[in-house]
Participant: 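One structure, as structure tokens, below. Some questions next.
Computed from a predicted model, the values in this text were never measured in an experiment. In what follows, every chain begins at residue 1, and chains take the letters A, B, ... in the order their sequences are listed. Heavy atoms only: backbone and side chains are in, while hydrogens, waters and symmetry mates are out.
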There are 2 protein chains.
Amino acid sequence: MTPARGPASKPDDSQRKRRPQARALATRDQIVSTAIVCFSNLGFEGATTRWIAEQAGVNQGLITHHFKNKEELWKAAVDRLFANFRNDFAARMEAWQDADRATRVRLIIRHFVRYASEHPEQLRFMMQEGLNSGPRMQWLVENHLSAHYPQFQAMLRDARAENMLIEGDDVHIFYAFVGAASTIFALSAECEHLTGLDPATEKSIEAHAKLVEAMLLVTP
Amino acid sequence: MTPARGPASKPDDSQRKRRPQARALATRDQIVSTAIVCFSNLGFEGATTRWIAEQAGVNQGLITHHFKNKEELWKAAVDRLFANFRNDFAARMEAWQDADRATRVRLIIRHFVRYASEHPEQLRFMMQEGLNSGPRMQWLVENHLSAHYPQFQAMLRDARAENMLIEGDDVHIFYAFVGAASTIFALSAECEHLTGLDPATEKSIEAHAKLVEAMLLVTP
DNA sequence: CTGTGAATTATTCATTTGACCAGTAATCAT
DNA sequence: ATGATTACTGGTCAAATGAATAATTCACAG
């Protein structure tokens with residue numbers, strides 16, 4: 001990582017002669033934010049650069065200018081998606097530093113549910129690539145997921161040390177946990193049509209977090 | 001439902017002068033089967049009729065001929081998806097008729113996990129439509145999901161009567177259950193790349209079923 | 001101020017996509 | 001058998017899509 005010189009650092013700025021303008025960074029951000037939503041809703045092939053540009057309120061040619069092509073825009077979107085996740089959890093973990101191990105485990109589980117409710121794109125993004133093992137999925141695992149899985153395992157180790165974790169292999173617990181926590185928010189519109197309940201309300205998030213916690217942890 | 005005259009009955013055959021040929025039904029089936037996979041992998045906009053036709057080994061024009069347009073093909077695919085689900089569970093429920101209530105609950109939970117492992121398209125199909133509340137999602141809920149949800153609730157009622165169910169509202173338990181059971185199979189390729197475990201193996205399915213059962217049911 | 005490089009726009013291009021249609025082959029009722 | 005009806009084929013069309021290009025506006029370093 002080069003120390004200074006503009007954030008994101010996605011375009012190769014080793015040959016740059018001028019600092020990127022604030023205006024450019026703003027549109028870049030705008031495009032990436034919109035792209036995250038579009039890709040997670042429509043998938044890579046389904047999301048069109050024109051639609052993304054229109055939603056973002058920018059000219060379509062700017063996508064080529066800032067990201068070279070659709071593939072690179074997709075990668076930039078994934079980078080942001082996981083950067084958000086990392087930042088959010090890094091802040092939390094610091095705040096919970098002085099809590100004891102057992103409560104920290106509970107806080108992590110509950111906060112993951114809360115995060116999933118605020119970022120339903122996360123799971124949907126994975127679903128778009130997760131079945132067919134194309135090159136994008138490989139890139140996603142190698143560049144982002146593989147770094148997070150060990151962190152999850154560390155949490156499981158703590159929970160086991162406190163005798164509070166349900167029995168099962170790490171892999172199964174991981175996907176059961178992610179699925180149980182996120183699916184209701186990834187399918188929020190369906191949920192509301194089907195049951196009348198909007199899962200995005202504070203009350204509903206809290207209820208779901210409580211349920212997921214109870215599912216993962218054994219009764220004391 | 002008209003009693004006789006050809007299965008599926010999707011095209012308006014009220015004016016038909018001849019019974020549909022076996023050949024036609026075969027290609028129809030072939031197209032629908034392929035469409036289920038394509039739609040669940042790529043979404044409605046991402047899946048192209050040409051790609052579906054090529055995968056199915058039929059001429060692209062046949063899709064228009066048999067289904068009028070892409071939208072109708074999508075509906076036919078959903079119809080088959082849920083027909084498979086209904087048939088499978090109807091057969092199981094009959095086989096478990098003489099089992100006592102508690103074991104029947106356990107069998108249903110475990111079998112749902114098994115079904116999700118054999119049909120990872122199911123959840124993926126929902127995910128493709130479940131966030132944005134478009135007309136397709138509405139159609140899906142009204143024509144299929146709304147009929148299944150009460151059946152799930154009946155199972156929950158049985159489980160509660162036996163004091164074996166985790167505490168929580170029906171809606172939350174529903175989505176936590178579906179997500180916990182299906183996600184690992186919907187993301188099977190990701191799972192294998194990330195952890196080295198292929199979730200589709202018999203051993204893995206059994207382990208996951210056991211875990212999901214333990215997550216939903218309280219220890220006796 | 002000013003000139004240079006970056007950001008943005010408008011336009012174009014080769015492909016692709018869903019749908020359509022005319023023509024042919026297969027199948028069935030009689 | 002044979003004529004009517006359905007199933008299928010190959011090709012075409014207008015609309016769209018990702019990308020490229022040229023022209024224009026903008027911001028900043030000197």
Participant: List, with names and distances, any nitrogen or oxygen atoms from the protein found under 3.5 Å away from nitrogen or oxygen atoms belonging to nucleotides 22-25 of chain C.
Facilitator:
none

Participant: If you count every heavy atom of other residues, nucleotides or ligands that lies below 6.0 Å from A:E94 atom CD, does the total exceed 12?
Facilitator: no
Participant: Any side-chain N or O of B:T64 under 4.0 Å from OP1/OP2 of C:dG18?
Facilitator: no
Participant: Check the orientation of B:F39 and B:F125. Use parallel for under 30°, tilted for 30 to 60°, and perpendicular for over 60°.
Facilitator: perpendicular
Participant: Listed by chain and number, what are the side-chain hydrogen bond (donor to acceptor under 3.5 Å, both in side chains) partners of A:Q153, not counting sequence neighbours?
Facilitator: A:D170
Participant: Output a table of donor-acceptor pairs, distance under 3.5 Å, between side-chain atoms of residues 178-194 of chain A and any protein atom two or more places apart or on a different chain; print 'none' if there are none.
Facilitator:
| unit_1 | atom_1 | unit_2 | atom_2 | d |
| --- | --- | --- | --- | --- |
| A:S182 | OG | A:V178 | O | 2.9 |
| A:T183 | OG1 | A:G179 | O | 2.6 |
| A:E190 | OE2 | B:Y175 | OH | 2.8 |

Participant: Expressed as a whole number of angstroms, how long is the span from B:F67:CZ to C:dC20:P?
Facilitator: 16 Å
Participant: Measure the acute angle between the ring planes of A:F85 and A:F82, then classify it against the limits of 30° and 60° as parallel, tilted or perpendicular.
Facilitator: perpendicular
Participant: Just how far, in rounded Å, is P of D:dC26 from CG of A:L62?
Facilitator: 14 Å
Participant: Sequence neighbours excluded, which residues qualify as ring pair (Phe, Tyr, Trp, His ring centres under 6.0 Å) partners of B:H65?
Facilitator: none
Participant: Look at the side-chain N and O atoms of B:H65 and state whether any lies under 4.0 Å from the OP1 or OP2 oxygen of C:dA19.
Facilitator: no
Participant: Heavy atoms within less than 4.0 Å of DNA chain D: which residues of residues 35-60 of chain B have one? Give them sorted by number.
Facilitator: B:R50, B:N59
Participant: With A:F152, which residues qualify under ring pair (Phe, Tyr, Trp, His ring centres under 6.0 Å), at least two apart?
Facilitator: A:F174, A:F177
Participant: Measure the distance from CG on A:N69 to P on D:dT21 and round it to the nearest whole Å.
Facilitator: 14 Å
Participant: Looking at A:R110 and A:E213, would you say the former's side chain and the latter's main chain have a donor-acceptor pair under 3.5 Å?
Facilitator: no
Participant: Expressed in angstrom and rounded to an integer, what is the separation of A:I63 atom CD1 from C:dT9 atom P?
Facilitator: 12 Å
Participant: Can you measure B:K70 atom NZ to C:dT17 atom C1' for me and round it to whole angstrom units?
Facilitator: 8 Å
Participant: Could you state the atom-to-atom distance from CG of B:L25 to P of C:dC28 in whole Å?
Facilitator: 11 Å
Participant: Does a nitrogen or oxygen in the side chain of A:H66 sit under 4.0 Å from OP1 or OP2 of C:dA6?
Facilitator: no
Participant: Nearest whole angstrom, please: distance from the C1' of D:dC8 to the CZ of B:R28.
Facilitator: 15 Å
Participant: Hey, are A:H144 and A:D79 close enough side-chain-wise for a donor-acceptor pair under 3.5 Å?
Facilitator: yes
